[in-house]
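Everything numeric in this text was worked out from a predicted model, so none of it was measured. In what follows, every heavy atom counts, from backbone to side chain, and hydrogens, waters and symmetry copies are set aside. Just so you know, residue 1 is the first one in the sequence shown, and it goes up from there.
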Amino acid sequence: LLDDRLDDLPGPAADVLRTACVAGQRLDLALLEAIHGHLAKPLLDQLIVRGLLVVEDGAYSFRHALVREAAYDRLTPTERRERHAAVADWLESTQVDLTAHHATLADHWYEADMLDKAVAHADLAGKRALATGAWAEAIRFYERCLNLEPHSPSRSAPRSRRCDGDDASPKRSTASATSARAGSRP
């Protein structure tokens, strides 16, 4: 039934849905308008009529996570990379302060296969998580730095431009977060 609704979408509405499923469960109309133009809103309204999206508290969102997942699963690898890059580009160009967005940007750049940007944002997200006591999140981002850095196109860049975990190596930052997390347990 869900596959039939997705198969029956007209081209422009399907295109907006493909970007929306990359953007997240809750959708930013400004993002979709930046990518799809002034037709984004009427196309989102078509997706509501078809039972794929809803409006909650004045914002568009997927009716169910399974709808988003099914739409995402239909993307080709190239479409995924391109749409993640478009979402990340929009975020970087529209947000005055990226502090609250480093984690999201790390994920989008990773999925876009832009490893230098993914590493840079993962490092900053790890620092923020470490500073706020979000140990598990800090570990996740520093481990991503460790895993991505050897594959990053600019691995010869100075350490200051790559994962540094507050001027320490990602391994030390991960170890610090792990021990801090263990020490904060009752």
> According to a hydrophobic-cluster definition based on side-chain heavy atoms being under 4.5 Å apart (Ile, Leu, Val, Met, Phe, Trp, Tyr only), do Val54 and Leu47 belong together?
no
> Are Leu39 and Tyr60 linked, directly or through intermediate hydrophobic residues, by side-chain heavy-atom contacts shorter than 4.5 Å (ILVMFWY only)?
yes
> Give the cluster check for Leu27 versus Leu75: same hydrophobic cluster or not, with ILVMFWY residues linked at side-chain heavy-atom distances below 4.5 Å.
no
> Can you name the nearest heavy-atom pair linking Cys145 to Asp123, along with the distance?
SG-N, 3.5 Å
> If Ile, Leu, Val, Met, Phe, Trp and Tyr residues are connected whenever their side-chain heavy atoms lie under 4.5 Å apart, and connections chain through other members, are Leu124 and Phe141 in the same group?
no
> Do you know the tightest heavy-atom contact between Leu32 and Thr19?
CD2-CG2, 3.7 Å
> If you measure from the Lys or Arg side-chain nitrogens to the Asp or Glu carboxylate oxygens, is any gap between Asp7 and Arg74 under 4.0 Å?
yes
> Report yes if the side chains of Arg128 and His102 come closer than 4.5 Å at any heavy-atom pair, otherwise no.
no
> Are the side chain of Arg26 and the backbone of Ser61 linked by a donor-acceptor contact shorter than 3.5 Å?
no
> On a heavy-atom basis, which atom in Gln95 and which in Leu98 lie closest, and how many Å separate them?
CB-CD2, 3.7 Å
> So which heavy atom on Ala71 is nearest to which on Leu6, and how close?
N-CD1, 4.1 Å
> If Ile, Leu, Val, Met, Phe, Trp and Tyr residues are connected whenever their side-chain heavy atoms lie under 4.5 Å apart, and connections chain through other members, are Leu31 and Leu43 in the same group?
no
> Could you walk me through whether Arg83 and Asp15 satisfy the salt bridge (Lys or Arg N to Asp or Glu O under 4.0 Å) test, starting with their C-alpha distance in whole Å, then the side-chain angles of each, then the deciding distance to 0.1 Å, before giving a yes or no?
CA-CA 10 Å; Arg83 290 176 195 269; Asp15 194 39; 2.5 Å; yes
> Should Arg80 and Asp113 count as an ion pair when the cut-off is N to O under 4.0 Å?
no
> Within the side chain of Arg50, is there an N or O that forms a donor-acceptor pair under 3.5 Å with the backbone of Arg5?
no
> Return the orientation label for the His84 and His108 ring planes: parallel under 30°, perpendicular over 60°, tilted otherwise.
tilted
